[in-house]
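Take a look at the structure set out below.
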Amino acid sequence: MAGHVAAIGYEADTGRLTVCPESSAWAAKTRLEQTRIIAAANKLVGRMEVRALRILAPGSMPALTDVATVAAAAPSGPVKTLETAVDPAIAEAVERQTAAMRKRSRRAFPEPAPDGGLASIEASRAEQRRQADASHAAAPGACPCRADPRW
């Protein structure tokens with residue numbers, strides 16, 4: 001493809017390589033073989049620099065004759081991975097949120113008693129009934145449901 005598709009630009013911040021094919025047939029072939037072209041460009045550079053390919057319309061830009069020009073334009077810093085690309089403050093916030101959600105989940109859906117007691121939903125309802133009865137007992141006469149059986 002080297003004689004028919006020319007690399008004409010590289011955006012270091014996005015890792016996008018811009019190429020210009022000489023005809024629409026070569027443009028179609030370039031689109032079909034994008035992953036192979038990206039892999040070949042990265043092999044030429046020696047590290048994972050090219051992440052995407054931008055294919056221009058045939059004949060829209062003058063072609064460069066040397067692919068090494070593109071390789072020289074690649075940044076020399078370390079490649080960002082998933083671990084290094086995430087802001088530590090965001091990762092810490094995600095951990096705090098995950099811990100809080102797990103805590104709420106454990107509180108809402110407690111594990112069944114190991115002694116074979118009531119199932120978790122039944123235990124929750126029984127505890128709510130005990131709390132309501134304690135509240136009623138603490139305020140006699142204030143709750144109409146004790147005085148009126150229709151409640």
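Throughout, residue positions are numbered sequentially from 1 according to the sequence presented. Computed from a predicted structure; not experimentally measured. Note that these values count all heavy atoms, side chains included, but never hydrogens, waters or copies made by symmetry.
- We find the CD-CZ distance between Glu127 and Arg125 to be 14.5 Å, quoted to the nearest 0.5 Å.
- Of the inter-residue distances, the one linking Ile37 atom CD1 with Leu32 atom CG reads 9.5 Å to the nearest 0.5 angstrom.
- Between Tyr10 and Glu49, the closest heavy-atom pair is OH-O, 2.9 Å.
- To the nearest 0.5 Å, the span separating CZ on Arg51 from CD1 on Ile38 amounts to 10.5 Å.
- Side-chain contact between Val19 and Leu56 is absent, with no heavy-atom pair separated by less than 4.5 Å.
- Under the 4.5 Å side-chain criterion, counting only non-hydrogen atoms from C-beta, Arg16 is not in contact with Val50.
- Between Leu53 and Thr30 the shortest side-chain heavy-atom distance falls below 4.5 Å.
- Annotation: side chain of Cys20 is not in contact with side chain of Val5 (no heavy-atom distance under 4.5 Å).
- Taking each heavy atom of Pro58 and Ser24 in turn, the nearest pair found is CG-N, 3.5 Å.
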For residues 94-103, run the donor-acceptor check on the side chains, cut-off 3.5 Å, and write out each pair with its distance to 0.1 Å, sequence neighbours left out.
from	atom 1	to	atom 2	distance (Å)
Arg96	NH1	Glu92	OE2	3.1
Thr98	OG1	Val94	O	2.8

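- Applying the salt bridge (Lys or Arg N to Asp or Glu O under 4.0 Å) test to pairs two or more places apart or on separate chains, those with a residue in residues 20-31 are Lys29-Glu33.
- In this structure, Leu17 and Ala41 approach most closely via the heavy-atom pair CD2-CB, 4.2 Å.
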